[in-house]
Amino acid sequence: MSRPAFPSRDGVPASRLQLPPGPWTTVLEALVARFPRIGDAAWRDRIARGLVLAADGKPVTLDTPARPGAEIGYYREVAEERAIAARATILHVDDHLVVADKPHGLPVAPTGSFVTQTLLTRLVATLGNPALVPLHRIDRETAGLVMFSAAPATRGAYQALFRQSRIAKTYEALAPALPGVRFPMVRRSRIEPGEPFFRMREADGTANSETRIDVLERGEPHWRYRLSPVSGRKHQLRVHMAALGAPILHDPWYPVLREADDAARAPLQLLARALAFDDPIDGRSRVFESGLELDAGSGPGI
């Protein structure tokens with residue numbers, strides 16, 4: 001079953017939400033519960049202006065009933081959005097896929113305080129394709145490859161590559177040396193939500209994450225590592241490296257949360273280097289590689 005194709009508004013793709021189960025009776029109540037920082041008044045205003053859509057593309061009303069699992073579209077609004085000068089490079093475009101090489105600091109899709117200054121919004125505007133949907137996400141702080149579905153009809157086949165671990169993802173990172181560890185090695189652990197809400201942590205229990213780690217270059221004082229995630233937990237690579245005693249260079253969240261202004265912080269030294277897979281449509285082997293490089297001495301962030 002294909003996902004609803006919500007239209008873009010002023011060149012900005014709609015954000016999507018599957019309504020979670022809960023005690024609320026209307027879509028409005030569900031939205032207020034899911035996004036309490038936005039508040040009831042703001043959601044009422046957005047609904048009144050037709051900025052919240054049902055799966056059929058029609059605007060919801062204040063009385064539209066909430067059905068758990070129903071997908072809705074909504075348009076984010078930010079009063080003052082900071083411009084991001086750094087630009088991505090489009091590496092590949094065909095009828096089914098778009099692959100872009102993202103710089104540090106550029107969000108993949110609208111989130112938080114970013115709406116127009118995102119990779120997805122820029123690609124929709126450049127390529128004129130409002131059907132673009134990211135097939136995976138990398139953190140705003142991470143640079144490198146992001147792959148997008150360009151056609152709803154074949155989207156499920158490419159999403160299955162990630163869901164079934166049939167795509168090889170390779171990252172590079174700069175981090176402190178680990179002379180006492182034998183490489184290559186595999187880190188397996190259970191990763192769960194931590195504190196505050198945007199961080200993750202390792203916890204006791206059955207492992208739900210796996211990363212294969214090797215050393216590409218032993219420099220001074222940082223080594224260059226190759227990281228190959230088998231699973232795709234949030235912040236998995238950052239959590240695993242920090243747990244090994246080698247947090248990724250300039251990571252403001254792991255192992256300890258540091259308060260830092262974006263403008264004064266050097267970029268996180270993590271790069272989504274390569275994606276490799278057998279195309280589910282025609283079976284041919286595909287390999288995409290980032291043209292970006294990490295730099296331990298890089299200056300202020302972007």
Side-chain angles (χ1 to χ4, degrees), residues 8 11-13 83-111 114-174 212 216-217 224-230 232 236-237 248 267-295 298 301-302:
S8 297
V12 178
I84 297 177
R87 300 291 169 179
T89 301
I90 299 175
L91 300 182
H92 175 85
V93 179
D94 64 29
D95 291 340
H96 308 288
L97 291 177
V98 172
V99 182
D101 205 4
K102 184 186 83 67
H104 294 286
L106 181 65
V108 170
T111 182
F114 294 97
V115 176
T116 62
Q117 300 295 303
T118 69
L119 178 58
L120 175 59
T121 302
R122 291 178 179 181
L123 288 175
V124 168
T126 299
L127 300 176
N129 183 0
L132 287 175
V133 172
L135 291 166
H136 62 123
R137 302 288 181 96
I138 62 176
D139 300 335
R140 179 168 72 92
E141 298 87 353
T142 303
L145 300 183
V146 185
M147 193 161 77
F148 296 78
S149 164
T154 57
R155 184 164 300 147
Y158 290 101
Q159 288 172 330
L161 294 175
F162 293 88
R163 187 172 61 251
Q164 299 169 5
S165 298
R166 292 189 288 119
I167 184 165
K169 296 172 287 184
T170 303
Y171 289 72
E172 290 181 14
L174 295 181
R212 296 167 184 167
L216 294 173
E217 180 182 353
R224 185 182 301 270
Y225 294 88
R226 179 172 59 227
L227 312 177
S228 302
V230 178
Q236 176 177 318
L237 302 181
I248 296 173
L268 176 74
Q269 292 301 292
L270 180 61
L271 172 68
R273 169 62 74 189
L275 294 169
F277 57 95
D278 291 331
D279 194 291
I281 305 302
D282 57 20
R284 60 177 163 167
S285 178
R286 295 226 195 209
V287 179
F288 298 104
E289 185 168 350
S290 171
L292 301 174
E293 296 293 340
L294 298 175
D295 180 8
S298 55
I302 53 178

Using modelled atom types and a 3.5 Å cut-off, is there a donor and acceptor pairing between side-chain atoms of His104 and backbone atoms of Glu141?
yes
Please find the pair of heavy atoms, one from Arg155 and one from Ser149, that lie closest to each other, and give the distance.
NE-OG, 2.8 Å
Evaluate the side chain to side chain contact (heavy atoms under 4.5 Å, CB included) criterion for residues Phe288 and Asp101: first the C-alpha distance (whole Å), next the side-chain angles of each, then the deciding distance (0.1 Å), finally the verdict.
CA-CA 10 Å; Phe288 298 104; Asp101 205 4; over 6 Å; no
Any chance you could lay out the side chain to side chain contact (heavy atoms under 4.5 Å, CB included) test for Leu292 and Thr89, step after step, and finish with the verdict?
CA-CA 10 Å; Leu292 301 174; Thr89 301; over 6 Å; no
Hey, what do you get for CZ (Arg122) to CG (Leu106), rounding to the nearest 0.5 Å?
5.0 Å
Show, in sequence, the C-alpha distance, side-chain angles and deciding distance for Leu275 and His136, and conclude whether the side chain to side chain contact (heavy atoms under 4.5 Å, CB included) test is met.
CA-CA 11 Å; Leu275 294 169; His136 62 123; 4.1 Å; yes
Is a donor from one side chain sitting under 3.5 angstrom from an acceptor on the other, for Ser228 and Arg212?
no
So, for Leu161 and Asp278, which heavy atoms are closest and what is the spacing to 0.1 Å?
CD2-O, 4.0 Å
What's the shortest heavy-atom distance between Ile281 and Asp279, and which atoms?
N-OD1, 2.8 Å
Please report the interatomic distance OH(Tyr158) to CE(Met147), rounded to the nearest 0.5 Å.
8.0 Å
How close do Glu172 and Leu294 get, heavy atom to heavy atom, and via which atoms?
O-CD1, 3.5 Å
Considering non-hydrogen atoms only, spot the tightest contact between Val108 and Lys102 and give its length.
CG2-CD, 4.1 Å
Crowding at CZ, Arg224 (>12 non-hydrogen neighbours, <6.0 Å):
yes
A side-chain contact here means heavy atoms from C-beta on lying under 4.5 Å apart; do Arg273 and Arg226 qualify?
no
With the side chain counted from C-beta on, respond yes when Pro280 and Thr154 share a heavy-atom pair under 4.5 Å apart, and no when they do not.
no
Looking only at heavy atoms, which two atoms of Pro103 and Ala88 are closest? And how far apart?
CD-CA, 3.7 Å
Interatomic distance, CG@Leu237 vs OH@Tyr225, rounded to 0.5 Å, equals 13.5 Å
Between Gln269 (side chain only) and Asp295 (backbone N and O only), is there a donor and an acceptor less than 3.5 Å apart?
yes
How long is the straight-line distance from OG1 of Thr118 back to CZ of Arg140, given to the nearest 0.5 Å?
12.0 Å
Point-to-point distance, once rounded to the nearest 0.5 Å, from CZ of Phe148 to CG of Leu135
8.5 Å
Are any of the side-chain heavy atoms of Ile90 and Leu127 separated by less than 4.5 Å?
yes
pair Ile138-Leu270: side-chain heavy atoms closer than 4.5 Å
no
Dump the intermediate steps for side chain to side chain contact (heavy atoms under 4.5 Å, CB included) on Leu145 and Leu91, then the final yes or no.
CA-CA 9 Å; Leu145 300 183; Leu91 300 182; 3.4 Å; yes
